[in-house]
Each structure stands twice: as structure tokens, then as C-alpha cells.
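Data block below; observations after.
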Amino acid sequence: MEPLPVTPMPQDAAKAVQEKQLLLSRLLARLAHEIRNPLSSLDIHVQLLEEDVAHTPPEVRARSAARFRIIHTEIERLNNLVKQFLSLAGRTAVNRQPVQVAAVTDHVCALLRPEAAAHGIEIALELPEALPPIVADPDQLTQALVNLVLNAVQAVGREGRVLVAARVEVAANQMHIAVTDTGKGIDLENVEALFEPFYTTKEDGSGLGLWIVRQIAVAHGGMIRAENAATRGAVFTLTLPLRVNEENHG
Ligand SMILES: Nc1ncnc2c1ncn2[C@@H]1O[C@H](COP(=O)(O)OP(=O)(O)OP(=O)(O)O)[C@@H](O)[C@H]1O
Ligand SMILES: [Mg+2]
């Protein structure tokens, strides 16, 4: 007898994706932990080596100085990477505090404007007069917005516009922060794939940007949605709760 074709139910598929992401987060956290110890040992021994070299002839010292600088910079870079992964892939500890969204969006736009301007891309910010503060982790919110604006700039490529706009929906207890670009837009049939870890269409992309945005959104009790703009380009909307229920979140 022919075996019946097994088609996974959509629910099962969603659960499988969720489990895969959970496993991946655990692996990343574990990896970050394991890398941290040898890194601090490296740091100490490079410092000791530097002290040894201090007793060598001047020309040896001069040559080593530049190399030591590079080693220190690279160790610090690795340390920062590990820290980022630990904060994101770990228990996603959210350091909640009142956050002025105007200040965060301003900062993100200012950060990415020079790079965008070099490609003829304008980054505009549109905020209503008075935005209430939200309760969020300012570092994670910054990271999520950097990822979205960077994607928008990359989607435009050359000559275009990226708009960051925030709006409040008081009745729904929500703040929406939308990043709109004038790029080529997204394939709506495959929109879920964009948020999967390691999905990328870029030569040097890691495919973790949007996955991280989603992790951050969910950790805040919010969500991230992707659609196409009315004229052209894509819109990524990060939705966060205005006020957090104290009973649910410590
Ligand atoms: N604004 C956008 N317009 C069109 N496509 C987009 C946009 N943002 C993301 N994408 C698509 O989603 C994919 C995944 O994005 P994601 O940020 O997760 O990874 P990445 O940008 O490719 O790599 P990384 O963020 O690590 O540099 C991108 O490769 C791109 O194909
Ligand atoms: Mg990206």
C-alpha cells in the first residue's frame, strides 16, 4: 500500500521553527560563554608579554607596539561580540527603564546618516509633537532600530530615502516605529523567511539582523511586521507596548 503523504500542519511548522530558534539561541549563548574564558586568558598573557618586551632593544619595542595595539583592539572586538551574543541569545534579559523614543530614534538616524549620505540616501525622522516614554531596554531598542535602518539603507543602495516614523495608538496601548525605504521592496509570499536566522540575500550578510529584531520585539512583548510601501519599497514596523503590566514583567 502506498504510504500516505505526510504534510506538516502549519502549526507544526511554526513550532518547528520556534524550536530551531530556541536551540540556536542556546547554542549561541553557550558558544559565547565558552569563548569568554580563553579570551580573558589571552588578554592577561598579552599584557605579560608586553611587559617582557619592555626590556628588549628599542627597535624591537617599536615594532611590537603596533602589533600589540592591533591584538588589544581585536581582543576587545571579540569581547564586545561575545557580550552582544550573551545579552541577545541568553535569557534575553531585558533591562527595562523609561525610554524617550525621540532620543533613541534621533541617535540611530545620526549614527547612520554619514554612511547613507555617502550613497546619496537621505534618512528622515518624523515624530509627533509629544511622544510618551515607553518602558524598554534602550540598548536593545537602539540595536533593533540600527538593524532596520541599516537594512533600509542597503535596500535603497543608491539615491533614495529612508523614513523613520513613530506613532502612538493609545487605545491599543501601542507605539509603532516604522522604517520605510524607497528600495525594491520585499516578496510578500516569503516574508516569514526574512526573519529566520541566517536567511540573507547579501554577499556579506549574516542573516541575523531581522532575527535579532524579532527576538528583541518579542522579549518586549511586542512584534515586528514587514510589508510593502504604497508606492515603492518596504516598510518594517516595530510595535511595542506603551506601558508594561508590572505583574507580568519584573
Ligand atoms: N528594507 C528591506 N527591503 C528589502 N529587503 C529586505 C529589507 N530588509 C531586509 N531585507 C531582506 O531580508 C534579508 C534578511 O535581512 P537581515 O537583516 O536579517 O540579514 P542581512 O541584512 O542579509 O544580513 P545582516 O543583517 O547580518 O547584515 C536580507 O538579506 C534582505 O534580502
Ligand atoms: Mg541586516
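Every heavy atom of this structure was used, including side-chain atoms; hydrogens, water molecules and symmetry mates were not. Along the sequence shown, residues are numbered consecutively beginning with 1. Whatever order the structure lists them in is the order used to number ligands and atoms, beginning at 1.
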ask   = In terms of atom number and element, which parts of ligand 1 are under 4.0 angstrom from non-hydrogen atoms of G209?
value = 16 (P), 17 (O), 18 (O), 25 (O), 26 (O)
task = For atom 26 (O) of ligand 1, find the nearest protein heavy atom and state the residue, atom name and distance (0.1 Å precision).
result = S206 OG, 2.4 Å
message = I'd like to know if the side chain of R232 and the backbone of T182 have a donor-acceptor N/O pair within less than 3.5 Å.
response = yes
task = Do me a favour and list the nearest non-hydrogen protein atom to atom 12 (O) of ligand 1 with residue, atom name and distance?
result = L194 CD2, 3.5 Å
request  = Kindly check if the number of other-residue, nucleotide or ligand heavy atoms within 6.0 Å of CD (E126) is above 12?
outcome  = no
inquiry  = Show the atoms of ligand 1 that are less than 4.0 angstrom away from any heavy atom in I186.
reply    = 4 (C), 5 (N)
inquiry  = Can you tell me how far apart CD (E50) and CG (D52) are? Round to the nearest 0.5 Å.
reply    = 10.5 Å
Distance from atom 21 (O) of ligand 1 to nearest protein heavy atom, with residue and atom = K202 NZ, 2.6 Å
key: D137 (side chain) donor-acceptor with V94 (main chain) under 3.5 angstrom   = no
message = Just to be sure I read this right, does ligand 1 sit under 4.0 Å from the backbone of L150, its side chain, both, or neither, counting only heavy atoms?
response = neither
ask   = Is the number of heavy atoms from other residues, nucleotides or ligands under 6.0 Å of E76 CD greater than 12?
value = no
query = Out of curiosity, is G183 lining ligand 1, as in a heavy atom under 4.0 Å away?
reply = no
query = Near L210, which atoms of ligand 1 are under 4.0 Å from a heavy atom of that residue?
reply = 9 (C), 12 (O), 15 (O), 16 (P), 17 (O), 18 (O)
ask   = What are the protein N, O or S atoms, given as residue plus atom name, that sit under 2.8 Å from the Mg ion (ligand 2)?
value = N151 OD1
inquiry  = Taking a cutoff of less than 4.0 Å between a non-hydrogen atom of the residue and any ligand atom, is N147 in contact with ligand 1?
reply    = no
request  = Nearest 0.5 Å please: distance from the CZ atom of R214 over to the CD1 atom of I224.
outcome  = 8.5 Å
request  = Among all protein heavy atoms, pick the one closest to atom 29 (O) of ligand 1 and tell me residue, atom and distance.
outcome  = T201 N, 2.9 Å
key: Same apolar cluster: M223 and V191, side chain cutoff 4.5 Å   = no
remark   = dist L125:CG -> R113:CZ (nearest 0.5 Å) comes out at 6.5 Å
key: Any protein heavy atom nearer than 4.0 Å to atom 10 (N) of ligand 1   = no
ask   = Do L242 and P132 have side chains that get closer than 4.5 Å, going by heavy atoms?
value = yes
ask   = Which protein non-hydrogen atom lies closest to atom 22 (O) of ligand 1, naming both residue and atom, and how far is it?
value = T200 OG1, 2.5 Å
ask   = So do L210 and N147 actually touch side chain to side chain, heavy atoms under 4.5 Å?
value = no
remark   = Ranked by distance from atom 1 (N) of ligand 1, the top protein heavy atom is D181 OD2, 2.8 Å
message = Side chain or backbone, does N151 bring an N or O within less than 3.5 Å of an N or O on ligand 1?
response = yes
task = For the residue pair L141 and I134, establish whether any side-chain heavy-atom pair is separated by less than 4.5 Å.
result = yes
key: atom 7 (C) of ligand 1: the protein heavy-atom neighbour that sits closest, reported with distance to 0.1 Å   = F236 CE1, 3.7 Å
key: Nearest non-hydrogen protein atom, atom 19 (O) of ligand 1   = G207 CA, 3.3 Å
task = Look at ligand 1 and say whether G185 reaches it with a heavy atom at a distance under 4.0 Å.
result = yes
ask   = If you draw a 6.0 Å radius around CD in E59, do more than 12 non-hydrogen atoms from other residues or ligands fall strictly inside?
value = yes
inquiry  = Quick check: do V149 and L111 have side-chain heavy atoms less than 4.5 Å from each other?
reply    = no
ask   = Which value, rounded to the nearest 0.5 Å, describes the distance between L145 atom CG and H107 atom NE2?
value = 10.5 Å
